[in-house]
Amino acid sequence: MENVMELEAQFQAKIDRGEFIEPKDWMPEKYRKTLIRQISQHAHSEVIGMQPEGNWITRAPSLRRKAILLAKIQDEGGHGLYLYSACETMGISREELIEQLHTGAAKYSSIFNYPSLNWADIGAIGWLVDGAAIVNQVSLQRTSYGPYARAMVRICKEESFHQRQGYELLLSLCRGTAEQKAMAQDAMNRWWWPSLMMFGPHDAESAHSAQSMQWKIKRESNDELRQKFIDKTVAQAEFLGLTIPDPDLKWNAERGHYDFGQIDWDEFNNVIRGNGPCNKQRLNHHVKVHEENAWVREAANAYAKKNAKKSETLVA
Ligand code: FAQ
């Protein structure tokens, strides 16, 4: 009988060869726990992330914009479902995952605790929030856990449409009246710093990074991904004619990257501890809708049970 150390060595060797870990493979308990934490946080983010945008469906300025927004929000719900399914392959149920969200045991992305105050926010969410999410998720397409990596491939295709629709929305506003351009700038001012916080704490402060990099759950670090996002976004902001609200942002030829100012980590920590502008509202809404729709889950389960019984009778 192989001992745990041998199993761990074989597991790490498999990861080092670049092979995926699949649900039935042996894995260290901590690998399983880390992935449940990360994938469920990711799933909850997708679903809670529907709320700031859902707020604008009835006020979209045209049928075209409304149709795009509806499709985007529906995609986010779908991403949540792929991710919950990937998480369930690790031996945890959907009920447990939702329970963890509702009790605060599981987090979701800090970004969704900010309010969407004007129509330009919908553009900023697509361009900056989905833009940041893509940089992170492209990297996760090569994460070591097979079901998570495969979910990411599908999700990234849709996220790139989300990013473009947000950019196109802002481009229209920036080419419109002075008032519309000011709305776009206001949205940029409020979403820029929270978007940078999506990548998590600096590497030196990141509790899980070292282990997650060794297991190739994470393929690039929080700081590397944040820098990538900034480097590709600056030129896009220039094209829109918007100013990034960071006086310290400047090109550093020696590093080949943009330098940028200090992130307000007190604000970040406050938001992830549950005290951001919309934390309570977001969670209360999720709990309320989950309870109101309990009958849908009960009906679906009863129907599935009835069908299973029917096919049992047919087989017999
Ligand atoms: N917000 O040690 P690390 C989207 C927590 S999807 C809240 O660095 P890790 C699509 C972290 O959990 C956006 N908490 O952690 C969309 C840990 O707490 P714990 C979501 C955060 O896991 C767009 C602690 O801090 N994407 O936007 C955040 O190695 C538009 C220490 O941090 C994903 O979830 C944060 N920003 O790295 C939908 C991607 N950052 O559990 C709708 C997958 C850190 O010890 C509309 N996740 N924390 O109590 C990841 O890549 C990683 O989990 C990181 C964090 C990079 C987020």
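Here the structure is a predicted model, which is why all the values come from computation and not from measurement. For ligands, and for the atoms within them, numbers begin at 1 and follow the listed sequence.
- Distance screen at 4.0 Å: atom 46 (C) of ligand 1 has a protein heavy-atom neighbour inside the cut-off.
- Residue contact annotation: Glu205 has no non-hydrogen atom under 4.0 Å from ligand 1.
- Of the charged side-chain nitrogens involved, at least one lies within less than 4.0 Å of a carboxylate oxygen, so that Glu22 and Arg150 count as a salt-bridged pair.
- The nearest pair of heavy atoms linking Asp25 to Phe20 is OD2-O, 4.1 Å.
- Checked options Gln165, Glu159, Glu158, Arg164; the residue passing with His162 is Glu159 (criterion: side-chain hydrogen bond (donor to acceptor under 3.5 Å, both in side chains)).
- Considering backbone and side-chain atoms together, Phe112 places no N or O closer than 3.5 Å to any N or O of ligand 1.
- Residue-level proximity to ligand 1 for Tyr108 is carried by the backbone, the only part with a heavy atom below 4.0 angstrom.
- Residue Glu220 does not touch ligand 1, judged by heavy-atom distances below 4.0 Å.
- A donor-acceptor contact shorter than 3.5 Å is absent between the side chain of Glu205 and the backbone of His202.
- The shortest separation from a heavy atom of Ser212 to ligand 1 is not under 4.0 Å, leaving the residue out of contact.
- Proximity of Asn136 to ligand 1, defined as any heavy-atom pair under 4.0 Å, is confined to the side chain (atoms from C-beta onward).
- Counting heavy atoms closer than 4.0 Å to ligand 1, residue Ala132 contributes nothing at all.
- In terms of N/O distances under 3.5 Å, ligand 1 is approached by Asn222.
- Using 4.0 Å as the threshold, Met50 has no heavy atom nearer than that to any atom of ligand 1.
- For ligand 1, one of its N or O atoms has an N or O atom of Ser206 under 3.5 Å away.
- Of all atoms in ligand 1, numbered sequentially from 1 with element shown, those under 4.0 Å from a heavy atom of Gly200 are 40 (N), 44 (C).
- Looking only at side-chain heavy atoms (C-beta outward), Ile244 and Glu238 stay at 4.5 Å or farther from each other.
- The existence of a salt bridge linking Lys309 and Glu312 is excluded, since no basic side-chain nitrogen approaches an acidic carboxylate oxygen closer than 4.0 Å.
- With hydrogens and angles left out, the side-chain atoms of Lys218 and Ser209 include a donor and acceptor closer than 3.5 Å.
- Counting only non-hydrogen atoms, the option in His208, Lys218, His162 that gets closest to atom 37 (O) of ligand 1 is Lys218.
- Residue contacts with ligand 1 for Phe268 involve side-chain atoms from C-beta outward but no N, CA, C or O (heavy atoms, distance under 4.0 Å).
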Take Asp75 and Lys72, measure what salt bridge (Lys or Arg N to Asp or Glu O under 4.0 Å) needs, and give me the verdict at the end. CA-CA 5 Å; Asp75 283 352; Lys72 178 186 191 291; over 6 Å; no
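- Using 4.0 Å as the threshold, Leu140 has a heavy atom nearer than that to some atom of ligand 1.
- Of the N or O atoms in Glu76, none lie within a sub-3.5 Å distance of an N or O in ligand 1.
- For Tyr84 and His44, the distance between ring centers is under 6.0 angstrom.
- At a heavy-atom distance under 4.0 Å, atoms from both the backbone and the side chain of His42 approach ligand 1.
- Within a 6.0 Å sphere centred on NZ of Lys228, other residues, nucleotides and ligands contribute 12 heavy atoms or fewer.
- Between Gln137 and ligand 1, a contact under 3.5 Å exists for no N or O pair.
- Gln236 and Thr233 form no side-chain donor-acceptor contact under 3.5 Å, judged by distance and modelled atom types alone.
- Ionic pairing of Glu168 and Arg65 is present here: one or more N-O contacts between side-chain nitrogen and carboxylate oxygen are shorter than 4.0 angstrom.
- One side chain, His102 or His286, offers a donor N or O that lies under 3.5 Å from an acceptor on the other.
- Any N or O atom pair closer than 3.5 Å counts here, and Glu159 shares no such pair with ligand 1.
- Under 4.0 Å from ligand 1, heavy atoms of Met198 appear from its side chain as well as its backbone.
- Within 4.0 Å of atom 54 (C) of ligand 1, not a single protein heavy atom is present.
- Remark: side-chain polar atoms of Asn113 are not paired, donor with acceptor, to backbone N or O of Gly274 under 3.5 angstrom.
- The closest approach between a heavy atom of His79 and any atom of ligand 1 is not below 4.0 Å.
- Close approach to Met197 involves these atoms of ligand 1, each under 4.0 Å from a residue heavy atom: 36 (N).
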